Asks: 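Here you go, one structure.
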There are 2 protein chains.
Amino acid sequence: MGTPNTTRRRGVRPVDKFDARRDQLAESALKTLGELGYARASLREIANNSAFSHGVVHYYFEDKLDLVIHSVRYYKARCVTRYDSVVADSATAGDLLDAFGAKLAQTIRDEAPMHRLWYDLRAQSMFEEGLRDAVTMIDKTLEEMIWRVVSRYAQLEGRPAALEPSVAYAMLDGLFQQALLAHAGGSPVAEGVLVAQVRTVMPLMLAPAAA
Amino acid sequence: MGTPNTTRRRGVRPVDKFDARRDQLAESALKTLGELGYARASLREIANNSAFSHGVVHYYFEDKLDLVIHSVRYYKARCVTRYDSVVADSATAGDLLDAFGAKLAQTIRDEAPMHRLWYDLRAQSMFEEGLRDAVTMIDKTLEEMIWRVVSRYAQLEGRPAALEPSVAYAMLDGLFQQALLAHAGGSPVAEGVLVAQVRTVMPLMLAPAAA
DNA sequence: GGATTATCTTGACAGTCGTCAAGACAGTGG
DNA sequence: CCACTGTCTTGACGACTGTCAAGATAATCC
């Protein structure tokens, strides 16, 4: 038997070969989790959708929670930069709204499974203590991601934002969630509706324009 | 063996004795579901928290989904009138905001398990086709419930609402969900924060006051 | 009261789950 | 070449799941 799972630390031989496998398993886990959700995605099914067998999971992870948390952290680390180009490349407030809307629509279209998994886990965290810390942390980084967009929008518009970051995030997240729900229900116009809604709501987040 | 479960129809003997037991089981199911969530609440555990044994569930319900859907429908039918007194009893816009905030805070405090269950089921509906119709329908009635508050608020304020019902609902639902998350995480101020946030956001939903 | 129905309990079924341990295999260092 | 360590597979365990069927109990009707 080799050394146990996550108690393994750098400094021993293969250094990051270990972490690379963890990420590889995380990738496969995300595929299955996005398909089936947290509760129905068994470790056997996750392993089946990978190059390995079901026993290997416990070689790289403490337990199912450890795998799931690592997986969603792994995903959100990439996902959190999704809107940075919107902030960087927009020269006017109108540009920003267009780019933001386009990215939101694309997210609904292309990454629906990942996001329904996120909402699943966030709800589970209210039941499962072990998920709470990771979820809270990720939610905070999402809030900061959204705030970069909103504050840049305020800057381009020349008016200060009138809402706190947490409020802006909660509102946009609510809209996004409804759109995802509609998309999951088969609505082909969910993304378009979301874009229009965001265009309506974003101006309300800034201090009123001087008359 | 008696007649099967839900294929039973009125017109036979006990008429509503059957439905009464269904509601009684739903009540017990809600207790367990609110405690454990959808995935971990087994039929045996639900029956244990009731006056009956685990086999009786299949006498009154087709399967687990049937029980869960009936339970959450049963709850939301009551819950959906929760804010009607806010609408009916408020004489001014300020009164309404106070009453609305107080009810929201009370809901977070007293009915947190029911609402985390609701968010759990709504997320599950994106994975489980069988939940989708019931969830969509309930979500619509919640939207209408919120809209009664918002439109009454607009009326008292003398300004028309500037948002569609779906947008108003999504925004407030997003705020409520964040508050519930914080409450579940142990924050003792979650309700108070929510009240303040709602006070900030509600005016933004109306057309700007004339200068 | 007896017969018939409705209701409820008990016990079992076929699966699935997370977890773990024993051993196979590969690669490396001596 | 041997020993050793890291990696992975296989098979098993106990527990739990939704579902169902057979029989006990209670209620109802003739």
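We name chains A, B, ... by the order of the sequence lines, and we start the count at 1 in each one. Because the structure is predicted, anything quoted here is derived from the model rather than measured.
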Asks: For dT7(C) and Tyr60(B) - does any side-chain N or O of the residue sit under 4.0 Å from the phosphate oxygens OP1/OP2?
Replies: no
Asks: Pairs under 3.5 angstrom, nitrogen or oxygen only, protein versus nucleotides 9-12 of chain C, please.
Replies:
residue: dT9(C); atom: OP2; partner: Ser53(B); partner atom: N; Å: 2.7
residue: dT9(C); atom: OP2; partner: Ser53(B); partner atom: OG; Å: 2.8
residue: dT9(C); atom: O5'; partner: Ser53(B); partner atom: OG; Å: 3.2
residue: dG11(C); atom: O6; partner: His54(B); partner atom: NE2; Å: 2.7
residue: dA12(C); atom: N6; partner: Arg44(B); partner atom: NH2; Å: 2.6

Asks: Looking only at the aromatic ring of each residue, does the gap between the centers of His115(B) and Phe176(B) stay below 6.0 angstrom?
Replies: yes
Asks: Are Arg21(B) and dA6(C) close enough that a side-chain N or O sits under 4.0 Å from OP1 or OP2?
Replies: no
Asks: Take the protein atom OH of Tyr38(B) and the nucleotide atom P of dG18(D), then report the distance between them rounded to whole Å.
Replies: 9 Å
Asks: When you check the phosphate oxygens OP1 and OP2 of dC8(D), does a side-chain N or O of Tyr59(A) lie under 4.0 Å from one of them?
Replies: no
Asks: Going by side-chain contact (heavy atoms from CB on, under 4.5 Å), name the residues that satisfy it together with Glu164(B), two or more places apart in sequence or in a different chain.
Replies: Ser166(B), Val167(B)
Asks: Which pairs would a plain distance check flag for residues 121-128 of chain A, meaning a side-chain donor or acceptor within less than 3.5 Å of a matching protein atom at least two apart in sequence or in another chain?
Replies:
residue: Arg122(A); atom: NH1; partner: Asp139(A); partner atom: OD1; Å: 3.2
residue: Arg122(A); atom: NH1; partner: Asp173(A); partner atom: OD2; Å: 3.2
residue: Arg122(A); atom: NH2; partner: Asp173(A); partner atom: OD2; Å: 2.9
residue: Gln124(A); atom: NE2; partner: Asp120(B); partner atom: OD1; Å: 3.0
residue: Ser125(A); atom: OG; partner: Arg122(A); partner atom: O; Å: 2.7
residue: Glu128(A); atom: OE1; partner: Arg40(B); partner atom: NH1; Å: 2.9
residue: Glu128(A); atom: OE2; partner: Arg40(B); partner atom: NH1; Å: 3.2

Asks: Just jot down the side-chain contact (heavy atoms from CB on, under 4.5 Å) partners of Val87(A), sequence neighbours excluded, or say none.
Replies: Arg148(A), Val149(A), Arg152(A)
Asks: Which nucleotide in the list dT19(D), dT17(D), dT7(D) gets nearest to the side chain of Asp63(B)?
Replies: dT19(D)
Asks: Write down the distance between CZ (Arg22(A)) and P (dC8(D)), rounded to a whole number of angstrom.
Replies: 14 Å
Asks: Can you measure Lys17(A) atom NZ to dC8(D) atom C1' for me and round it to whole angstrom units?
Replies: 12 Å
Asks: Please enumerate all residues that pass side-chain contact (heavy atoms from CB on, under 4.5 Å) together with Asp133(B), with sequence neighbours excluded.
Replies: none
Asks: Checking Gln106(A) now: which residues fulfil side-chain contact (heavy atoms from CB on, under 4.5 Å) with it, not counting sequence neighbours?
Replies: Lys103(A), Arg109(A), Asp110(A)
